[in-house]
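Report on the structure given below.
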Amino acid sequence: MAMRKIYLDNSATTRVDDEVVGEMLPFFTEQFGNASSTHQWGQQAKQAIEEARNQVARLLNGTPNEITFVSGGTEADNLAIVGIAEAHGDKGRHIITSRIEHPAVLATCAHLEKEGWKVTYLPVYGEGIVRLDDLRKAMTDETVLITIMHSNNELGTLQPIREIGELVREQREAGRRHLYFHTDAVQSIGKVDVDVRELGVDLLSLTAHKFHGPKGIGVLYVRRGVRISPQTYGGHHERDRRAGTESVPLIAGIGKAAELARLHLAERSGHLRNLRDYLEQELFRIIPDITRNGDAERRLPSIANLNFDHVEGEGLQISLDLKGVAVSTGSACSSGSTEPSHVLVAIGLSQDTGHGSLRFSFGKDNTREDVDYVLETLPAIVGKLRSLSPRAVKKSKLEAGA
Amino acid sequence: MAMRKIYLDNSATTRVDDEVVGEMLPFFTEQFGNASSTHQWGQQAKQAIEEARNQVARLLNGTPNEITFVSGGTEADNLAIVGIAEAHGDKGRHIITSRIEHPAVLATCAHLEKEGWKVTYLPVYGEGIVRLDDLRKAMTDETVLITIMHSNNELGTLQPIREIGELVREQREAGRRHLYFHTDAVQSIGKVDVDVRELGVDLLSLTAHKFHGPKGIGVLYVRRGVRISPQTYGGHHERDRRAGTESVPLIAGIGKAAELARLHLAERSGHLRNLRDYLEQELFRIIPDITRNGDAERRLPSIANLNFDHVEGEGLQISLDLKGVAVSTGSACSSGSTEPSHVLVAIGLSQDTGHGSLRFSFGKDNTREDVDYVLETLPAIVGKLRSLSPRAVKKSKLEAGA
Amino acid sequence: MYSAKVLEHLENPRNVGEIENASAIGKSTNPVCGDMLQLYLRLRDGRIESAGFLVQGCPPSIAAGSVLTELVTGMSVEDAGRMAPRDITTALESLPRNKEHCSVLAIDALRDALKLTP
Amino acid sequence: MYSAKVLEHLENPRNVGEIENASAIGKSTNPVCGDMLQLYLRLRDGRIESAGFLVQGCPPSIAAGSVLTELVTGMSVEDAGRMAPRDITTALESLPRNKEHCSVLAIDALRDALKLTP
Ligand SMILES: Cc1ncc(COP(=O)(O)O)c(C=O)c1O
Ligand SMILES: Cc1ncc(COP(=O)(O)O)c(C=O)c1O
Ligand code: FES
Ligand code: FES
């Protein structure tokens, strides 16, 4: 069998769509103006940016002036959290988040803790989902910001954002005027519907490279009327929210990617679910001692996070890589570390079992043949690594003896 | 005469080199991995980043681990200034800069002033250049950072960076250990030699889009051993100096642009100077009442900033735009404002004369024919606007009477 | 950024210059931007027979002066006295928000010429 | 990231499993990452006649165990007692900086088997 190349790590990043590349290209060499310039080159650039802003607004069901372009999901999360903290810290200094947020949120919260903020990290239990009751109990008159991700990047678990949005609305009506709600929707875009009005969020982060757009461009949605403190100082770009010459090609790219994500949502979502469910079903059938991490229902259609008893995830991942298959253990950000992922620890996996987890994440370009190849390849790999494992060997001896 | 399109606003931004585009393209659709991933897609991405880091290090005569990729010149300036301020503010809270810095520096300093820092803004006199004596006098035991641009974006004037570097070295040896020196070299790259060792700087900013690379990517050079506080929180990218998934295509692009800038420096620099000098010489010959803004010698080869008495720069600029020629009044960042540029005010132009200035900025793709077209077009435009101008009319009447 | 009309007046300003034997002269200056406009009118039988202008200012102020001279030519002094910045903006199709004050510059000169309080 | 040698041992680990009639058994665990390695040796006339290993750990720890069994087979017990983590790293060409401790895991098991203080 010839060596294939199969990319099943679409939660880490995705291939840029050819249509998106086509949209970007003219802005490198033809319409290369600076959007702040008043001549024709500048005006072309500006127009491209405003068109992209419209496309993103439509994807989210927001309005164009609620869209701020930034350099990616990390900057969007930072700007949302520190931007609210600085603008409204006089009303209280408490933030509520969860234990399974992305490092872009957790490290920002940790930074604010050093500056005297109090941060509550909500538990997520075995299912990997925060509970409204916990959130309700955590809220105080000091709470200025709730930041809970729309879906988790390792497990794919969907958080109850709409319900939290309602709770926030109630609290505001009950007098807690200075309560803001941010969600990191980086993983959800293009996989499930994300509608800022329906969710009732004040701020929302996304990044193009997770939905077939380019790396280096993201968006912070800020609901009309919500004030944040800018975190970069310079020219008057992005209505004074984010200084720096706009990357016109990348912005044109995220605009196009947003349009495609909106137009093809149902179809892509169904395709991802089919592939993911097929993989899980067959793996459960042919490899013993596998468990699923996180809730089986309330999750993205694109992610399967599975635990293989008695083996180490990295050995599986590298062995698959040698067969041409890209998957990940934990998130890309924490790779190279020897600690199990904070997300797997949060759902109660021990250091030992947490190390045996793999994340398969599907993208629109994957096929059923890709899954078939994994199904042919993976059992032998698991078998080999288990034959090395003291615990697995002991277990199989016991079973043979029984 | 057919309408031509002539771009003479290369200090605002430049056309991306075709070779640079070629270098970026594979990273959108083929080698599209996340550099943090441990599989082959990730390793390819990582390798591309390290190669680009080498290319930039070579351009600056630094080492690769002194290079941090950021989203542009504005972020580089912000990170340098706030990064030093936060890391070393316990040693003193005084910054020295100049009156003609880019808004990315000035607005950041203004932000720190609000947080209790003292900032000295050095004057630049008619020549548009800071004086060492003023700097020497401004330094105190409280001074933690000197940030002076390498060349000014409106006038092109070169600041005495090497001399300041020496002064800083002397001061350090004399006991002022916590004095750091940053320069914004955004405008200089590709036009004059920029060598961090020779200049004696601790930090240096640059951005790709000013030297035929893409918008949205820049570099902060940080000398080995200099500690700065990161300004974004998240994953462990860029040796913990700048969190966020790296934009591999843009980084490959800035690497290539840096290599080309290094290889073609002498040739491009000579070409720019020829065109610029030809334009100035001829304009001075054929249009009366023009003056040059800033020093005639100590400046970039690429910029001509000229003042046309009794007319308004915007009228000139828009009229040229209607003839297909892109130039600017002031910097792109401040366009649309009715105030004369802070740089022209700093060199002593009155509000009135300051409004009559145009910046022509050349790039490697400009030709002698471009200049000829301007020489054919501009006199009639100036003549028409002067025929409208009360002061110019009065003056010519007086002259006719004399 | 600017309307086609503004650009057209910038390229071909009408009625440029002082008028010989002007019956009324008006001046205005905007202290913020420093732009200034001078308007010359020749009046006969309560009508504006001809108009001329000079300006040192931004493109909208040039277009405003130019279009003003067109508008007022042939107009009764009384009607001219009722003109407002809006009329200039409309005649120019539109002005960017931060350039609306340029139409005021032209109207101020007109009112000054007609000795009306601005 | 990993050397070709590490990857090769990961794909084809040598001497996998317990050894029948092992004369010495060594175990080691790294408390930080939780990885553990077991080494089985059959000794005869002061030499290591054969070796086997089991491991639950990262790729370098698998490669380290595998290459260790190769290296020590045929070696005198005395020479084996002098082996150090460096020998493993060298035999594997190289290890990433943050994975150098995985070679220690293998040597610790060897020293445990030979009853040397680690
Ligand atoms: C949930 C989540 N938030 C934020 C980010 C950070 O976005 P970016 O990679 O654009 O910095 C990521 C991915 O890296 C993510 O998965
Ligand atoms: C001198 C100078 N510094 C900083 C910048 C900002 O760089 P960027 O446009 O990449 O944000 C510019 C140009 O815009 C500049 O000319
Ligand atoms: S900018 Fe002042 S009149 Fe136009
Ligand atoms: S990571 Fe612990 S032994 Fe390799």
Side-chain angles (χ1 to χ4, degrees), chain A residues 7 9 12-16 18 20-21 25 28-29 32-34 36-42 71-75 77-78 102-104 107-108 110-111 207 209 214-217 231-236 243-250 314 317-318 320-321 326-328 332-336, chain B residues 7 9 12-16 18 20-21 25 28-29 32-34 36-42 71-75 77-78 102-104 107-108 110-111 207 209 214-217 231-236 243-250 314 317-318 320-321 326-328 332-336:
Chain A
Y7 187 76
D9 199 12
T13 194
T14 57
R15 179 181 183 282
V16 181
D18 293 321
V20 171
V21 176
L25 276 181
F28 290 121
T29 52
F32 59 82
N34 185 320
S36 299
S37 298
T38 51
H39 47 62
Q40 51 174 312
W41 279 264
S71 69
T74 298
E75 187 182 340
D77 286 341
N78 274 257
H102 189 269
T108 305
H111 163 70
T207 188
H209 75 95
K215 295 174 180 63
I217 188 79
Q231 298 301 309
T232 23
Y233 309 98
H236 302 287
T245 300
E246 303 90 338
S247 182
V248 189
L250 295 192
E314 201 194 342
Q317 187 249 305
I318 300 281
L320 278 171
D321 186 33
V327 300
S328 85
C333 283
S334 54
S335 61
Chain B
Y7 187 77
D9 200 12
T13 194
T14 58
R15 179 182 184 279
V16 181
D18 293 321
V20 171
V21 176
L25 276 180
F28 290 120
T29 52
F32 59 81
N34 185 321
S36 299
S37 297
T38 50
H39 47 62
Q40 49 173 314
W41 279 264
S71 70
T74 298
E75 187 182 341
D77 286 342
N78 275 257
H102 190 269
T108 304
H111 164 72
T207 187
H209 74 95
K215 295 173 181 60
I217 187 79
Q231 298 302 309
T232 23
Y233 309 98
H236 301 287
T245 300
E246 302 91 338
S247 182
V248 189
L250 295 193
E314 200 193 344
Q317 188 249 304
I318 301 281
L320 278 171
D321 187 32
V327 301
S328 85
C333 283
S334 54
S335 61

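Model, not experiment: these values are computed from the prediction. Lettering of chains follows the sequences in order, A, B, ..., and the numbering in each one begins at 1.
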Query raised in the report: For chain B, which of A:Q231, A:H111, A:E246, A:H209 has the most heavy-atom pairs under 4.5 Å?
Result: A:H111
Report task. Give, as side chain, backbone, both or neither, the part of B:V21 having an atom under 4.5 angstrom from any heavy atom of chain A. Result -> side chain
Requested in this report: Name all residues meeting the side chain to side chain contact (heavy atoms under 4.5 Å, CB included) criterion together with A:T74; count only those two or more places apart in sequence or in a different chain, and write none if there are none.
Outcome: A:N78, A:A104, B:A243
Report summary line: Per-residue tally against chain B (heavy atom, under 4.5 Å) across A:L25, A:V248, A:T14 peaks at A:T14
Query raised in the report: For B:Q40, is it the side chain, the backbone, both or neither that has a heavy atom under 4.5 Å from a heavy atom of chain A?
Result: both
Requested in this report: Mind listing the closest non-hydrogen atom pair of A:A12 and B:S37 along with its distance?
Outcome: CB-OG, 3.9 Å
Report summary line: When rounded to the nearest 0.5 Å, the distance separating CG of B:D18 from OG1 of A:T29 is 6.0 Å
Query raised in the report: Do you know which two heavy atoms are closest between A:F28 and B:P214, and how far apart they sit?
Result: CE2-CB, 4.0 Å
Query raised in the report: Relative to the ring of A:F32, is the ring of B:Y7 parallel (under 30°), tilted (30 to 60°) or perpendicular (over 60°)?
Result: perpendicular
**Report entry** With A:S71 via side chain to side chain contact (heavy atoms under 4.5 Å, CB included) - residues at least two apart
**Finding:** A:E75, A:R242, B:S71, B:R242
**Report entry** Verdict with supporting geometry, A:T207 and B:T245, side-chain contact (heavy atoms from CB on, under 4.5 Å)
**Finding:** CA-CA 10 Å; A:T207 188; B:T245 300; over 6 Å; no
Query raised in the report: Under 4.5 Å between any side-chain heavy atoms of A:H39 and B:Q317, yes or no?
Result: yes
Requested in this report: Let me know if B:L320 has heavy atoms under 4.5 Å from chain A in its side chain, its backbone, both or neither.
Outcome: neither
Report summary line: Checked B:T232, B:V20, B:I217 vs chain A; the most non-hydrogen pairs under 4.5 Å come from B:T232
Query raised in the report: Are any non-hydrogen side-chain atoms of A:N34 and B:D9 less than 4.5 angstrom apart?
Result: no
